[in-house]
Amino acid sequence: MLEFLLALLTTATVGALLGPLLKTRVDHRDRLSGELAIYRDQLAELERERAAGAVSESDATAARVEIERRILAAGAAAEKVGASSAAPRLHKFLPPALSLLVPLLALGVYLQMGRPGLPSAPFDRSQIAGQDSDRPLDVLRLLADARAKLAQDPEDAEALAALGEGLTLEAEGIVTQPAVQAFTKALQKLPDDPRAQYYLGLHEAQSGNSRAAITRWQKLEANSPPDAPWLGLLRAEIARVAKAAGIEVPSAPAAPPSAMPQPSREQQEAMAALAPADREQAIRSMVEGLAARLEQNPQDRAGWLRLANAWKVLGDNPRAAAAYRQADTLGPVDARILADWAEAHVRQITPGTPPSADAVQVLERLEKVEPRNALALFYLGAAAFAAGDKPAAARRWKTLLALLPADAPIRPMLEERIKETEK
């Protein structure tokens, strides 16, 4: 209804402005009559001069003939003007007609192609999806990309989650049954996928099962990294749904004392005064203390992730990889942690040797969720080459080569590796 009121208001405004265009500005005096009056005056003046003897008879006759010729020419011109008089009338009404038709045409196109009833999004769902929030989401492209990936691999968990999100956005925020099926199938492959968990919770809330939605979201909150970008939005949704359903959400339980203790100011100053080797040993002692506490509380997934990161910073990659594996058994890790885990394995590889079986397993999971990950492409190519699968090695390395900038130092070496696959 609003769009029609706006259209009427626009039309009325344009109509008010057309008044000056519709007024007659041209003097409609007959041009021919004016010219004939001038010629009659000229003939009368010529006759007076002839009678007074100022003009000879022959000159008067010649002048009279010229004036009469001009009278005939004026008559012929008047007939041509009369024959084409419709054209000025058309030009007179063309601007007003266009001024009215253009807004009406724009309204028709908007009603046909636009979506006047589409409400604004209550929040930015791109944070849950892991998308760039500065860039608007192209739903059609999202659906097309997801369907293209699923055509190649129907079990691609990331593509299934993207398909479910695209179907939800296409339905203006309603989690439809096809979207639920896509999210459910994605969770069978990747149980901790935050996007699928969030939208399935949203489906439960939209279906009237607010308590189930809150339970699912609280579990997602507990399994998310402390710096996960979607945590703020997730907590806001939990509060919103709980308030609407009249459900009292218990405060989150205090975290067990598994986090690495922070040194006091005095301890920090004392540590700063230590020699580098002694300082590293002091830090290592703190990390080992965290590891000991996790042995007493092995179900603390967040603690294992902190421990893995601490060992990785200290350069103890075998222990870092083991801590990542322990956290993964408590809940599959996301792509970002997979990349850190894979890096911990890769740093243990002796130059010239293929990655270990454990490293390949992690790298294959990383490649599945990030098909263009450079680390996965390079080392899985090396693993395939060592196993005798040269086509698979060439495929991965060529994909990586296309991703690298022209001046990347690794390009010559990679090109040589690709040539070896063609022998």
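The basis for the numbers below is simple: all heavy atoms, side chains too, and nothing from hydrogens, waters or symmetry mates. Note that the structure is a prediction, hence the values are computed from the model and not measured.
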Practice item. Would you check if Phe378 and Ile410 make a side-chain contact, meaning some heavy-atom pair closer than 4.5 Å? Key: yes
Practice item. Any ring pair (Phe, Tyr, Trp, His ring centres under 6.0 Å) involving residues 140-186? Give me the pairs, sequence neighbours left out, ordered by first then second residue. Key: Phe183-Tyr199
Check your understanding: Is there a donor-acceptor pair closer than 3.5 Å between any side-chain N or O of Gln348 and the backbone N or O of Ala344?
Key -> yes
Point to revise | From Ile214 atom CD1 to Glu237 atom CD, the distance as rounded to the nearest 0.5 Å | key: 10.5 Å
Study note, to complete from the structure: Those residues at least two apart in sequence (or on a different chain) that pass salt bridge (Lys or Arg N to Asp or Glu O under 4.0 Å) with Lys185 are Glu155
Check your understanding: Mind checking what makes salt bridge (Lys or Arg N to Asp or Glu O under 4.0 Å) contact with Arg235, not counting sequence neighbours?
Key -> Glu221
Practice item. Answer whether the closest heavy-atom distance between the side chains of Trp304 and Tyr324 falls below 4.5 Å. Key: no
**Study point:** Heavy-atom donor-acceptor pair, Gln197 side chain to Pro191 backbone, under 3.5 Å
**Key:** yes
Check your understanding: Taking the side chain from Arg411 and the backbone from Leu404, do they hold a donor-acceptor pair closer than 3.5 Å?
Key -> yes
**Study point:** ring pair (Phe, Tyr, Trp, His ring centres under 6.0 Å): pairs with one or both residues in residues 401-423, sequence neighbours excluded
**Key:** none
**Study point:** Atom pair NZ/OG of Lys243 and Ser210 - distance to nearest 0.5 Å
**Key:** 14.5 Å
Review point. In Å, rounded to the nearest 0.5 Å, how long is the span from CG of Leu220 to CZ of Arg216?
Key: 9.5 Å
Study note, to complete from the structure: ring-ring contact (aromatic ring centres under 6.0 Å, His included) filter on Trp311, not counting sequence neighbours, yields none
Check your understanding: Who are the ring-ring contact (aromatic ring centres under 6.0 Å, His included) partners of Tyr379, not counting sequence neighbours?
Key -> none
Review point. Is any side-chain heavy atom of Arg365 closer than 4.5 Å to a side-chain heavy atom of Val333?
Key: yes
Exercise for review: Spell out, as yes or no, whether a donor-acceptor pair under 3.5 Å connects the side chain of Arg301 to the backbone of Asn223.
Suggested key: yes
